[in-house]
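A, B, ... follow the sequence lines: proteins, then strands. Residue 1 opens every chain.
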Number of protein chains: 2
Amino acid sequence: MSAEQQYDDCSLQIRDEQYMRKALIEAEAALGEGEIPIGAVVVCREKVIARAHNLTETLCDVTAHAEMLAITAAANQLGGKYLNECTLYVTVEPCTMCAGAIGWAQMPRIVYGAPDEKRGYSKYAPHAFHPRAMVTGGVLKEECAQLMKEFFKGKREES
Amino acid sequence: MSAEQQYDDCSLQIRDEQYMRKALIEAEAALGEGEIPIGAVVVCREKVIARAHNLTETLCDVTAHAEMLAITAAANQLGGKYLNECTLYVTVEPCTMCAGAIGWAQMPRIVYGAPDEKRGYSKYAPHAFHPRAMVTGGVLKEECAQLMKEFFKGKREES
C-alpha cells in the first residue's frame with residue numbers, strides 16, 4: 001500500500017479516519033500546551049493501546065516526539081518491545097528519527113495525515129520502516145495541516 | 001571532517017580516544033546486563049555531561065539506544081534541548097533513529113567507533129545530521145567491534 005492511496009475498502013477508510021480523529025485530539029492538546037501540534041495513537045486489534053502528543057518543549061527533549069512517546073507507551077502496555085501487530089496513526093508524516101523507531105518496533109502499518117516536505121522520512125530515510133510495512137498518507141490531511149498552520153501563524157505573530 | 005579520516009591534530013586524536021574509552025566503559029556495562037553493548041557519552045567544553053548505554057531489553061523499549069538516552073540526559077543536564085556545543089561519542093555508528101535525534105539536537109560533532117554496515121545511518125539516512133556537523137568514525141574501532149562480536153557469539157552459543 002503506497003502513501004496517499006485511494007481506498008478500495010470503505011470500512012478501512014472509516015476506521016482510519018476514526019483513529020486519526022483520536023490522534024487529532026492529541027495534537028489539539030499539544031497546541032493548547034504551546035507544543036508543535038502533532039499527535040499519535042497506537043492501535044492493536046482494534047483497540048487504542050497508547051496515545052501521545054509532542055512534548056519536546058515541556059520535557060526539554062528533542063526525542064519527545066508524539067510517535068516516540070506512543071511507541072514507548074505501547075510497548076509498556078503490551079509488555080513487549082515489538083509492535084508487530086499494531087498500527088500507528090500520526091497527524092503528520094514521521095521524521096527520520098521517528099521512522100527509525102517505527103522500523104525498530106517492526107510496525108506493520110503506518111497511517112499519517114499531513115505530509116512533511118521539509119522533515120518527512122520519505123525524503124530523508126525512505127527505507128526506515130520494516131520492508132513489509134504498509135503506509136497510508138493523507139488521512140484527514142487538511143485538519144492535520146490546519147493545526148500546524150495555526151501554530152506557526154501564532155509563532156510568527158509572537159515574534 | 002569526513003568519517004574515518006586521518007588525524008592532522010595529534011591532541012584531538014588523544015582526546016577522542018580518551019572520551020571513546022568512557023563510552024566503551026558504558027558499552028561494557030551494557031554487555032554485563034545482557035544488552036547489545038553500545039555506549040555513548042556527551043562532552044561539552046571538555047566535560048562529560050552525560051553517559052548512557054543501550055537499555056532496550058531492560059526497559060522493553062526499542063527507543064532506549066545509548067545515544068537517545070545520552071541526548072535526553074545531556075539536555076536535562078544543560079537545561080536546554082539543543083546540544084549545539086556538544087560532541088557525541090558512541091562506540092558504534094548511529095542508526096537512522098539516533099541520527100535523526102542527533103540532527104534535531106543540532107550536535108556539531110559526532111565521533112563513533114565501529115561502523116555498522118547493516119543499520120548505520122550512513123547507508124539509510126546520510127543527511128540526518130545538521131548540515132555542518134563533523135563526523136569522525138573508526139576511533140578505537142577494534143575494541144568497539146570486539147564487544148559486539150562477544151555479545152553475538154554468546155547469543156549464538158545460547159541458541
Count I, L, V, M, F, W, Y as connected when their side-chain heavy atoms are under 4.5 Å apart, and connections chain through other members. Are [X] and [Y] then in the same cluster?
X	Y	value
A:Y89	A:L31	yes
A:L24	A:M148	yes
A:I25	A:I38	no
B:I36	B:L140	yes
B:V90	B:V135	yes

* Going through the distances and angles, do B:V62 and A:K81 end up as a side chain to side chain contact (heavy atoms under 4.5 Å, CB included)? -> CA-CA 6 Å; B:V62 296; A:K81 66 184 174 149; 4.1 Å; yes
* Asked: Between B:M68, B:M97, B:E57, which has the largest tally of heavy atom pairs under 4.5 Å with chain A?
  ->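 Answer, by heavy-atom pair count under 4.5 Å with chain A: B:M97.
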* From CG (A:D61) to CD1 (B:I71), nearest 0.5 Å ->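 With rounding to 0.5 Å, CG (A:D61) is 8.5 Å from CD1 (B:I71).
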Nearest atoms (heavy-atom pairs only) where [X] meets [Y]:
X	Y	value
B:C60	A:A75	O-CB, 3.4 Å
A:A125	B:A125	CB-CB, 4.1 Å
B:T96	A:G100	CG2-CA, 4.1 Å

* Asked: Do B:T63 and A:T63 touch side chain to side chain, with heavy atoms closer than 4.5 Å?
  ->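 Answer no - side chains too far apart.
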* Quick one: are A:K123 and B:H127 in side-chain contact, heavy atoms under 4.5 Å? ->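 No, side chains not in contact.
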* Which region of A:A101, side chain (C-beta onward) or backbone (N, CA, C, O), has a non-hydrogen atom less than 4.5 Å from a non-hydrogen atom of chain B, or is it both or neither? ->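 For A:A101, the contact with chain B is made by backbone and side chain together.
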* Asked: For B:C95, is it the side chain, the backbone, both or neither that has a heavy atom under 4.5 Å from a heavy atom of chain A?
  ->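 Only the side chain of B:C95 comes within 4.5 Å of chain A.
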* Residue among A:G79, A:P126, A:A105 with most heavy-atom pairs under 4.5 Å to chain B ->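 Most heavy-atom pairs within the cutoff with chain B belong to A:A105.
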